[in-house]
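What follows is a short report on a single structure.
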Amino acid sequence: FFLMIRRPPRSTLFPYTTLFRSGGQLLAAALLASETVGTKLAAGVITAVFVNFNLDPHIIPGFGAQPPYLDPSYWIGAALVAILVLGGCNAANLLDGLDGLASGVTGVITVGFLFISTALAMGLYAPGGAYSPFINDPVRMVMSLAMLGAILGFLPYNFNPANIFLGDAGSLLLGYLSVTMILLFAEKGDPTLVMAGLIVFAVPILDTSLAIVRRKIRGQPLFSPDNQHLHHQLIRAGLSIKQAVFVLYGIALAFAIVGSSMIFLRLRFVGPIFLIIFSFIAVTAYKIGHRQYLAQQADEENEPASQAEN
């Protein structure tokens with residue numbers, strides 16, 4: 001875990017690289033998988049798919065075997081854990097572009113996690129009647145409260161104008177803890193709860209997805225920096241730093257409400273609402289960003305001609 005969040009000194013023989021950081025994140029994911037945190041997600045998905053087609057998942061050799069390392073679904077689950085850790089850590093890191101943005105958005109996300117955790121502990125989860133696989137289980141509540149307390153203690157000093165900053169260590173840690181919370185919802189193999197957690201975490205996912213698509217279309221390296229993130233677009237639209245941050249807080253709150261509603265409503269009702277909001281923001285942000293990019297390219301092309309005339 002130390003490898004995941006620490007930036008090695010540039011003067012050492014081991015310079016800070018994306019490969020080094022990704023290796024640390026994979027190590028952190030392996031530690032989660034070794035404790036079977038989130039590895040039951042694959043078994044839950046496989047079971048749901050097989051039951052939907054009136055099939056017995058135990059026709060898969062070794063399915064449900066003990067110890068879990070003999071179960072093929074464990075290794076599929078471990079791969080999913082690695083993907084979620086890599087994606088979540090880097091999504092939180094990419095979001096850290098304005099004072100108070102990543103910490104505040106993660107605070108709103110944590111409130112959504114806390115609501116879901118409290119409802120589960122109280123037995124309010126009702127996909128098919130009053131039921132909860134985590135009734136009287138405070139683990140998720142305690143972790144949510146710990147995260148929220150740490151963020152609320154940090155945010156006043158990180159808000160614009162900031163006195164202290166997250167840096168890579170802080171943003172990666174927030175992403176890692178958020179993904180761990182989502183994976184803890186998978187302890188009983190219920191993919192619906194994981195989906196609820198991912199919806200709550202939608203703002204970092206949205207910003208990172210747009211960055212990947214944008215850079216892929218333009219032929220740029222995936223890890224190359226640019227100024228087309230959501231917060232950059234809001235600033236160029238005329239908003240101040242504080243206003244842009246509050247807008248993204250509001251979007252994060254909307255996704256947190258939608259994700260938390262899956263405790264009481266089925267995916268068939270929540271899914272379309274989420275897709276409409278997510279798609280609208282994604283398409284709008286991409287179109288605005290692409291227009292701004294073309295305008296920047298035109299300005300750069302006209303600049304040499306202007307200098308030559310002068």
Side-chain angles (χ1 to χ4, degrees), residues 1 4-5 84-85 87-121 138-185 193-209 229-232 234-235 239-263 274 277-278 281:
F1 183 70
M4 183 188 74
I5 64 174
L84 288 174
V85 168
C89 288
N90 288 287
N93 190 35
L94 287 174
L95 191 65
D96 186 25
L98 296 177
D99 293 345
L101 179 56
S103 54
V105 167
T106 307
V108 175
I109 290 170
T110 305
V111 170
F113 291 157
L114 179 60
F115 180 87
I116 295 173
S117 302
T118 304
L120 291 174
V139 172
R140 290 145 203 84
M141 290 179 58
V142 171
M143 184 167 174
S144 297
L145 287 170
M147 287 178 61
L148 187 59
I151 291 170
L152 291 178
F154 176 82
L155 184 58
Y157 303 97
N158 182 235
F159 199 73
N160 181 261
N163 296 317
I164 54 178
F165 304 93
L166 280 173
D168 286 346
S171 58
L172 289 172
L173 177 60
L174 289 179
Y176 179 76
L177 293 176
S178 298
V179 169
T180 302
M181 275 298 306
I182 295 171
L183 292 173
L184 285 173
F185 293 141
L193 294 176
V194 176
M195 182 63 69
L198 289 173
I199 292 176
V200 172
F201 192 68
V203 168
I205 293 174
L206 173 61
D207 189 50
T208 302
S209 300
H229 289 279
L230 293 174
H231 50 273
H232 291 133
L234 292 173
I235 294 295
L239 274 64
S240 66
I241 291 177
K242 291 182 179 179
Q243 290 171 337
V245 168
F246 279 125
V247 167
L248 288 171
Y249 285 1
I251 295 174
L253 179 60
F255 282 126
I257 293 172
V258 173
S260 299
S261 68
M262 289 187 67
I263 292 293
F274 166 71
I277 298 174
F278 189 93
I281 296 174

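The structure places CD1 of Ile257 at 14.5 Å from CZ of Phe274, a figure rounded to the nearest 0.5 Å. Rounded to the nearest 0.5 angstrom, Met147 CE and Leu114 CG are separated by 10.5 Å. Between Ile235 atom CD1 and Ser240 atom OG the span is 6.5 Å, to the nearest 0.5 Å. With values rounded to the nearest 0.5 angstrom, Leu148 atom CG is found 6.0 Å from Thr110 atom OG1. Between Ser178 atom OG and Leu84 atom CG the span is 12.0 Å, to the nearest 0.5 Å. Annotation: the span from Leu172 atom CG to Asn90 atom CG amounts to 6.5 Å, rounded to 0.5 Å.
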task = Show the numbers, then the answer: is there a side-chain contact (heavy atoms from CB on, under 4.5 Å) between Asn93 and Asp168?
result = CA-CA 6 Å; Asn93 190 35; Asp168 286 346; 3.2 Å; yes
task = In sequence, state the C-alpha distance, the side-chain angles, and the governing distance for Ile241 and Leu101, and then conclude on side-chain contact (heavy atoms from CB on, under 4.5 Å).
result = CA-CA 9 Å; Ile241 291 177; Leu101 179 56; over 6 Å; no
request  = Under the side-chain contact (heavy atoms from CB on, under 4.5 Å) rule, what do Phe113 and Arg140 come out as? Steps first, then yes or no, please.
outcome  = CA-CA 8 Å; Phe113 291 157; Arg140 290 145 203 84; over 6 Å; no
task = Could you give me the CA-CA distance, side-chain angles and deciding distance for Leu234 and Leu248, then say whether side-chain contact (heavy atoms from CB on, under 4.5 Å) is met?
result = CA-CA 9 Å; Leu234 292 173; Leu248 288 171; 3.9 Å; yes
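Scanning all heavy atoms of the two residues, the minimum distance from Ala102 to Ala92 falls at CB-O, 4.1 Å. Ala256 and Val108 make their closest contact through CB-O, 4.2 Å (heavy atoms, listed as atom of the first residue, atom of the second, distance). The two residues Ser103 and Asn158 come nearest to each other via the heavy atoms OG-OD1, 2.8 Å. Considering all non-hydrogen atoms of both residues, Gly112 and Ser260 come closest at O-OG, 3.6 Å. Across all non-hydrogen atoms, the minimal contact from Ala196 to Gly259 is CB-O, 3.5 Å.
Between the side chain of Asp96 and the backbone N or O of Ser171, no donor-acceptor pair lies under 3.5 Å. Formation of a donor-acceptor pair under 3.5 Å by the Thr208 side chain with backbone atoms of Ile205 is not found in this model.
With sequence neighbours excluded, the residues forming a side-chain contact (heavy atoms from CB on, under 4.5 Å) with Val203 are Leu95, Val105, Ile251, Ala252, Phe255, listed by chain and number. Residues that satisfy the ring pair (Phe, Tyr, Trp, His ring centres under 6.0 Å) test with His229, not counting sequence neighbours, are His231, His232. For Ile164, the side-chain contact (heavy atoms from CB on, under 4.5 Å) test picks out Phe154, Tyr157, with sequence neighbours left out. Residues meeting the ring pair (Phe, Tyr, Trp, His ring centres under 6.0 Å) test with Phe246, sequence neighbours left out: Phe159, Tyr249. Scanning for side-chain contact (heavy atoms from CB on, under 4.5 Å) contacts around Val194 gives Leu41, Ile182, Ala186, Leu198, with sequence neighbours left out. In this structure Phe115 satisfies the ring pair (Phe, Tyr, Trp, His ring centres under 6.0 Å) test with no other residue, sequence neighbours excluded.
Residues Leu174 and Cys89 form no side-chain contact, since every pair of their non-hydrogen atoms from C-beta on lies 4.5 Å or further apart. Counting heavy atoms from C-beta outward, Val200 and Val111 have side chains that stay 4.5 Å or more apart.
Counting heavy atoms of neighbouring residues, nucleotides and ligands inside a 6.0 Å radius, atom CE of Met143 exceeds 12 of them.
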